[in-house]
Amino acid sequence: DYLSDIVFGEHNDLYPEIPASYAEALGDDGLTIFNNGLQARWDTLPPLRQGASFDEKWPYLQLQRMMEDIAKLSDDSQAIIRLREKTATSLHDYQELAGRCLEMGDYVAVESWLEKCRHASEQDYRQNTARIQVSLCVARELWTEALEQQWSLYKKSHDFRDYLTLLELSAKARDNKNWREKVIHFLQKDAKPVTRWAGPVTDTLLEIYLYHEAYEDGYKLVAKENARHALLLELAWNISNQPDRAFPLFQRVIESLLSRTNNNAYGEAIQLMQDMANKLQSRQQQQCHTELLALLREKYRAKRNFIKWLNEAFE
């Protein structure tokens, strides 16, 4: 009663977290009594309505947090699902419940929550719904269906992780298509930036080329298109035995850093030059490094801090 008075009073934020911080003092019997009181309050609340204001949500959120804390102590996943069912009003809520039910192996419940996902009005996180649907097919070992749905998902996401899943599922489904070529053809011919999260197609293609060690294809791609710094560097390091090709890629990254005109970027550029000097030891590589140093000193002589630190690093 004492703890209940605190937690539902005006000064609950002055105390340690209730009931979690008092679990040892309460013991199992005390926690049960406290939880029964919370459950009685919870049972009086109707399911949370769509579009509820924060003031309307607060009694639910306050009770739900405490009851979930108690459920976690006994690893009662079903209790957590039951609690969240009462407050689920958004696409994110439905997806979260579908994922939890999938972990519990309750596939019928997963289907029910996925159906709610499909009818939700929000547009964000739609791809998460598709991933849960694929995971459900995987759990049921419906490999061909999972592969088909993963392909539909990839055509929207262009996500490298989804590409790797596509390859895994094609093996599980014993599908003989050349999925690498199929994906590359799609990206080159048909891919469109369908979401604001999708990166440039060049980056997406380059990730695939790097994964398959198709460095020649990667080099041809970036010879015409720009790409993310990390990917350009990965390609440059992998073809560093061809200094005439690798060093222009290093240079592109370094000059892009210098264009930011701030000391942190200068430091990154110099650190990259030092890494190159330490790792690239052949005569041709050293010659290319010397030439790049000379070019940077001449071209960026007006950037005093950069030149000062560059000279200190390479006296």
Would you mind reporting whether [Y] and [X] have side-chain heavy atoms less than 4.5 Å apart?
X: L235; Y: L231; answer: no
X: K57; Y: Q64; answer: no
X: R297; Y: F314; answer: yes
X: L187; Y: Y154; answer: yes

Side-chain donor-acceptor pair present, [X], [Y], cut-off under 3.5 Å:
X: R118; Y: Q133; value: yes
X: S77; Y: E103; value: no
X: Q127; Y: S157; value: no

If you link ILVMFWY side chains whenever their heavy atoms are less than 4.5 Å apart, which other residues fall into the same cluster as [X]? By chain and number, please.
X: F54; answer: W58, L61
X: F34; answer: Y2, L3, I6, V7, F8, L14, Y15, I18, Y22, L26, L31, L38, W42, L45, L48, Y60, L63, M66, M67, I70, L73, L83
X: L153; answer: none

Plane angle bin for Y211 and F160 - parallel if under 30°, tilted between 30 and 60°, otherwise perpendicular: perpendicular
With a 4.0 Å cut-off, would you call [X] and [Y] a salt bridge?
X: R131; Y: D162; result: yes
X: E315; Y: K308; result: no
X: R84; Y: E68; result: yes

Grab the two heavy atoms, one from [X] and one from [Y], that are nearest each other, plus how far apart they are.
X: A236; Y: A246; answer: O-CB, 3.5 Å
X: L167; Y: S170; answer: O-OG, 2.7 Å
X: A40; Y: T44; answer: O-CG2, 3.3 Å
X: A20; Y: D69; answer: CB-OD2, 4.3 Å
X: L221; Y: T202; answer: CD2-O, 3.5 Å

Hey, does the side chain of [X] reach the backbone of [Y] with a donor-acceptor pair shorter than 3.5 angstrom?
X: T261; Y: S259; value: yes
X: N35; Y: T32; value: no
X: E56; Y: S53; value: yes
X: R301; Y: E298; value: yes
X: D203; Y: R228; value: yes
X: S112; Y: V108; value: no

Cluster question for you: counting only ILVMFWY and a side-chain heavy-atom cut-off of under 4.5 Å, with indirect links fine, are [X] and [Y] together?
X: L232; Y: F247; result: yes
X: L114; Y: I81; result: no
X: L164; Y: I208; result: yes
X: W113; Y: V110; result: no
X: L233; Y: L258; result: yes

Pair T129-Y94, side-chain contact (heavy atoms from CB on, under 4.5 Å): steps then yes or no: CA-CA 9 Å; T129 301; Y94 304 152; over 6 Å; no
W151 vs F186, ring pair (Phe, Tyr, Trp, His ring centres under 6.0 Å): CA-CA, chis, key distance, verdict: CA-CA 11 Å; W151 176 228; F186 163 75; 5.6 Å; yes
If you count every heavy atom of other residues, nucleotides or ligands that lies below 6.0 Å from [X] atom [atom1], does the total exceed 12?
X: K303; atom1: NZ; result: yes
X: D1; atom1: CG; result: no
X: R49; atom1: CZ; result: yes
X: E24; atom1: CD; result: no
X: D244; atom1: CG; result: yes
X: D5; atom1: CG; result: yes
X: D28; atom1: CG; result: no

[atom1]-[atom2] distance between [X] and [Y], expressed to the nearest 0.5 angstrom:
X: R260; Y: L257; atom1: CZ; atom2: CG; result: 5.0 Å
X: K224; Y: K220; atom1: NZ; atom2: NZ; result: 9.0 Å
X: N128; Y: S135; atom1: CG; atom2: OG; result: 10.5 Å

R174 vs T144, side-chain contact (heavy atoms from CB on, under 4.5 Å): CA-CA, chis, key distance, verdict: CA-CA 9 Å; R174 298 182 180 179; T144 300; over 6 Å; no
Set of residues satisfying ring-ring contact (aromatic ring centres under 6.0 Å, His included) with respect to Y266, sequence neighbours excluded: F306
E17 vs R65, side-chain contact (heavy atoms from CB on, under 4.5 Å): CA-CA, chis, key distance, verdict: CA-CA 10 Å; E17 187 174 3; R65 178 189 61 78; 3.1 Å; yes
Using distance only, find each side-chain donor-acceptor pair of residues 248-256 under 3.5 Å and give its atom names and separation, not counting sequence neighbours.
from, atom 1, to, atom 2, distance (Å)
Q251, NE2, E255, OE1, 3.2
R252, NH1, V222, O, 2.8
R252, NH2, V222, O, 3.4
R252, NH2, E225, O, 3.1
R252, NH2, N226, OD1, 3.4
E255, OE2, K299, NZ, 2.8
E255, OE2, Y300, OH, 2.5
S256, OG, H229, NE2, 2.9

Y163 and its side-chain contact (heavy atoms from CB on, under 4.5 Å) partner, picked from E168, R180, E207: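 It is R180; the other options fail the test.
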Test side-chain contact (heavy atoms from CB on, under 4.5 Å) applied to L147 and V134, step by step: CA-CA 8 Å; L147 178 61; V134 171; over 6 Å; no
Intermediate values then yes/no, salt bridge (charged side-chain N to carboxylate O under 4.0 Å, His left out), R140 and E111: CA-CA 12 Å; R140 289 172 162 169; E111 289 282 15; 3.1 Å; yes
Tell me which donor-acceptor pairs under 3.5 Å the side chains of residues 267-282 have, and how far apart each pair is, sequence neighbours excluded?
from, atom 1, to, atom 2, distance (Å)
Q271, NE2, D275, OD1, 3.0
N278, ND2, Q274, O, 3.2
Q281, NE2, A277, O, 2.7
Q281, NE2, N278, O, 2.8
S282, OG, Q285, N, 3.1
S282, OG, Q285, OE1, 3.2

Test log, rule side chain to side chain donor-acceptor pair (under 3.5 Å), inputs Y209 and D217: CA-CA 7 Å; Y209 290 143; D217 291 328; 5.2 Å; no
